[in-house]
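Every heavy atom of this structure was used, including side-chain atoms; hydrogens, water molecules and symmetry mates were not. Heads up: numbering here begins at 1 and tracks the sequence.
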Amino acid sequence: MMIFFWISLIIIVISMALFVYRLIKGPTAPDRVIALDAMGVTLISVVALLSLLVGTSFYLEIILLLAILSFIGTVAFSKFIEKGEIFDRGDSD
């Protein structure tokens, strides 16, 4: 079973490297946002696999924190792409 976890970890790290390439090279801004969101999911997967390999549940709190930060980052970038600003001040006349 441990070999399966290590092989999964290697495959996920390779996919994260491909997401970094898409983040840098992406032809459009939405492609970069999707790559960043996918990197957040793969980072959560890496931490979960490391938690299984180490045999502790301490990393589960880190997974929750990463999920929250990934969601907030995706929403902020999407709003910035849509409107050009993240915070709406309500100053429109």
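Residues Leu23 and Phe77 share a hydrophobic cluster, clusters being chains of Ile/Leu/Val/Met/Phe/Trp/Tyr side chains in contact below 4.5 Å.
Contact annotation: the side chain of Ile72 approaches that of Ile68 to within less than 4.5 Å [non-hydrogen atoms, C-beta and beyond].
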Would you mind writing out the side-chain donor-acceptor pairs for residues 5-17 within the sub-3.5 Å range, not counting sequence neighbours?
residue: Ser8; atom: OG; partner: Phe4; partner atom: O; Å: 2.8
residue: Ser15; atom: OG; partner: Ile12; partner atom: O; Å: 2.7

Result block: side-chain N/O donor-acceptor pairs under 3.5 angstrom for residues 45-65, not counting sequence neighbours:
residue: Ser45; atom: OG; partner: Val41; partner atom: O; Å: 3.1
residue: Ser51; atom: OG; partner: Thr56; partner atom: O; Å: 2.6
residue: Thr56; atom: OG1; partner: Phe58; partner atom: N; Å: 3.3

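Here Ala38 pairs with Phe19 under the side chain to side chain contact (heavy atoms under 4.5 Å, CB included) rule; sequence neighbours left out.
Proximity of a side-chain donor or acceptor of Ser78 to a complementary backbone N or O of Thr74 within less than 3.5 Å is detected.
In the hydrophobic clustering (ILVMFWY side chains linked at under 4.5 Å, chained through shared members), Tyr21 stands by itself.
Sorted by first and then second residue, the pairs that involve residues 24-34 and meet side chain to side chain donor-acceptor pair (under 3.5 Å), not counting sequence neighbours, are Thr28-Asp31.
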